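Below: one structure, written as structure tokens.
Note that the coordinates shown come from a computational prediction; the quantities given were computed from them, not determined experimentally.
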Amino acid sequence: MPELPEVETLVQQLKRRLVGKKIVEVKIVNSKVVDNKIKKIVPVKVIGVRRRAKSIIIELEKGQFLLVHLRMSGHFHYIPKGKTIEADYQRFIVAEFKLSDGSILTHNSIRMFGSMKLVSKKHLDLALERLGPEPLSREFSLSQFKEMISRKKKANVKTVLLDQQFIAGIGNIYAQEALYHAGIDPRRKLGELSTLEVEKLYKEMRRVLVLAIKKKGTTIESYLHIEGVGGFQKHLAVYHCQKCPRGHRLKNLKLGGRSTYYCSKCQK
DNA sequence: CAATCGTCCTGCGGGC
DNA sequence: TGCCCGCAGGACGATT
């Protein structure tokens with residue numbers, strides 16, 4: 001489930017492999033996931049690659065952008081010139097991009113949930129305008145977080161962390177991890193959190209995200225980055241775990257329709 | 001205003 | 001053993 005750290009990892013890796021090259025050929029296998037219009041604009045040069053929330057933005061010449069959302073199971077595979085696509089990566093290909101240096105980028109998706117759209121600057125801005133702040137941006141201060149929390153007193157803390165309009169890029173893994181490390185029960189209402197707890201949540205949320213980026217994300221089930229598997233799954237405290245780091249048996253409940261692991265002893 | 005539900009999709013695990 | 005049901009998950013709109 002690519003969330004902020006997984007998408008950030010992919011963006012850094014894609015940037016190194018795509019920027020300055022041209023996409024010379026496109027093969028679209030699943031046009032429900034990948035916009036057919038991309039075929040009409042090749043050859044086209046890649047200007048930049050960046051991230052906003054869980055979206056990858058590939059900037060092309062002439063004010064065109066590829067807006068990519070991987071949802072749960074999307075990934076990329078890069079094949080240098082002269083190599084062939086390994087059998088593992090031939091499965092679930094939704095699109096293939098041939099680059100000007102002879103390399104190939106495949107976009108794969110198991111669940112076919114994601115999307116890759118060709119958009120103008122205007123449509124890009126429109127698609128991203130409702131997103132909340134980036135938790136790791138310099139502008140996202142503790143005082144801003146406190147102010148945001150004070151505006152939604154009745155909402156529960158875990159659901160709000162998953163709300164992309166509230167804060168952008170956090171998903172089911174990192175919401176649960178941040179809450180565990182902050183010692184906060186996921187069912188708590190925002191209005192009940194003490195100043196100290198809000199500060200702890202702010203700090204732990206950012207710490208967990210930074211560490212997860214350093215480890216190139218969490219590989220559980222299908223996530224892969226371009227160079228292999230992530231490493232953060234070794235650091236998970238609660239997500240998909242039986243016991244917390246202090247050895248307590250974890251509880252699981254549904255919150256906002258999502259499975260939620262937490263420790264009733266460590267999280268109050 | 002907050003929470004829940006349905007929708008999109010397919011691999012896989014559980015149960016019979 | 002084999003098959004079928006239902007769950008999982010992110011975003012978004014509609015509904016409660």
Side-chain angles (χ1 to χ4, degrees), chain A residues 1-11 28-35 51-57 67-75 87-95 107-117 119 123-124 126-135 147-178 185-193 209 212 217-224 230 232-233 236 238-242 250 252-262:
Chain A
M1 297 123 253
E3 302 178 24
L4 191 157
E6 289 77 24
V7 178
E8 181 62 32
T9 301
L10 284 169
V11 161
I28 292 169
V29 181
N30 186 324
S31 58
K32 271 191 180 172
V33 177
V34 181
D35 196 338
R51 181 188 63 76
R52 173 73 170 109
K54 301 173 197 171
S55 287
I56 298 170
I57 300 156
L67 178 58
V68 187
H69 199 302
L70 301 169
R71 296 293 178 103
M72 301 106 59
S73 65
H75 59 272
D88 277 0
Y89 293 107
Q90 298 218 2
R91 302 180 76 197
F92 317 118
I93 290 178
V94 289
H107 179 25
N108 306 50
S109 183
I110 298 173
R111 300 278 155 85
M112 310 292 171
F113 250 30
S115 62
M116 180 185 276
K117 292 179 194 150
V119 295
H123 280 92
L124 178 74
L126 200 66
L128 302 177
E129 71 177 1
R130 294 167 71 186
L131 291 166
E134 285 288 332
E147 195 275 325
M148 285 158 57
I149 296 248
S150 71
R151 275 189 281 128
K152 288 174 87 93
K153 292 193 187 331
K154 287 181 185 169
N156 91 52
V157 62
K158 194 231 174 180
T159 310
V160 152
L161 290 178
L162 293 183
D163 180 354
Q164 301 301 297
Q165 294 180 42
F166 184 81
I167 189 163
I170 296 174
N172 210 21
I173 299 174
Y174 299 104
Q176 292 171 54
E177 292 299 305
D185 187 306
R187 294 165 297 183
R188 295 274 299 283
K189 305 288 174 204
L190 291 190
E192 298 168 359
L193 299 180
L209 291 172
T218 301
T219 294
I220 285 190
E221 294 167 27
S222 68
Y223 166 77
L224 292 172
F232 193 75
Q233 61 279 7
L236 292 173
V238 288
Y239 183 78
H240 263 225
C241 298
Q242 303 283 324
L250 296 175
N252 185 279
L253 52 84
K254 279 251 189 290
L255 225 44
R258 305 263 147 61
S259 119
T260 307
Y261 295 83
Y262 72 103

**OP:** Determine the contact category for Ser109(A): base if any of its heavy atoms lies under 4.0 Å from a base atom, sugar-phosphate if only primed atoms, P, OP1 or OP2 are that close, otherwise nothing.
**Re:** nothing
Subject >> Sugar-phosphate only, base, or nothing, as touched by Arg91(A) at under 4.0 Å among non-hydrogen atoms >> reply: nothing
**OP:** Report yes if the side chains of Leu128(A) and Leu67(A) come closer than 4.5 Å at any heavy-atom pair, otherwise no.
**Re:** yes
Subject >> Reference residue Asn172(A); test side chain to side chain donor-acceptor pair (under 3.5 Å); the match among His240(A), Lys158(A), Glu177(A), Arg258(A) >> reply: Lys158(A)
Backbone of [Y] reached by a side-chain donor or acceptor of [X] within 3.5 Å:
{"X": "His107(A)", "Y": "His75(A)", "answer": "yes"}
{"X": "Gln164(A)", "Y": "Ala53(A)", "answer": "no"}
{"X": "Lys152(A)", "Y": "Ile149(A)", "answer": "no"}

Original post:
Near DNA chain C, which residues from residues 152-166 of chain A have a heavy atom under 4.0 Å away?
Top reply: Gln164(A)
**OP:** Heavy atoms only: give me the nearest Asn156(A)-Pro186(A) pair and the separation to one decimal.
**Re:** OD1-O, 3.3 Å
Subject >> Contact pattern, 5' to 3', of nucleotides 5-10 of chain B - B, S or - by protein heavy atom under 4.0 Å >> reply: ---BBB
Length of the [atom1]-[atom2] vector between [X] and [N], whole Å:
{"X": "Leu70(A)", "N": "dG10(C)", "atom1": "CG", "atom2": "P", "result": "12 Å"}
{"X": "Arg187(A)", "N": "dA2(B)", "atom1": "CZ", "atom2": "C1'", "result": "18 Å"}
{"X": "Leu190(A)", "N": "dC1(B)", "atom1": "CG", "atom2": "P", "result": "15 Å"}
{"X": "Lys254(A)", "N": "dG6(C)", "atom1": "NZ", "atom2": "P", "result": "14 Å"}
{"X": "Asn172(A)", "N": "dC7(C)", "atom1": "CG", "atom2": "P", "result": "16 Å"}
{"X": "His75(A)", "N": "dG9(C)", "atom1": "NE2", "atom2": "P", "result": "19 Å"}
{"X": "His69(A)", "N": "dG9(C)", "atom1": "NE2", "atom2": "P", "result": "15 Å"}
{"X": "Tyr261(A)", "N": "dG9(C)", "atom1": "OH", "atom2": "C1'", "result": "12 Å"}

Original post:
Within less than 4.0 Å of OP1 or OP2 of dG10(C), is there a side-chain N or O belonging to Lys54(A)?
Top reply: no
Original post:
Is the shortest side-chain N/O distance from Tyr239(A) to OP1 or OP2 of dG9(C) below 4.0 Å?
Top reply: yes
**OP:** Assign the ring pair Tyr239(A) / Tyr261(A) to parallel, tilted or perpendicular, where the plane angle (0 to 90°) is split at 30° and 60°.
**Re:** perpendicular
**OP:** Verify the neighbour count for atom CD of Gln242(A): are there more than 12 heavy atoms of other residues, nucleotides or ligands below 6.0 Å?
**Re:** no
**OP:** Give me the one residue out of Arg188(A), Arg187(A), Lys189(A) that meets salt bridge (charged side-chain N to carboxylate O under 4.0 Å, His left out) with Asp185(A).
**Re:** Arg187(A)
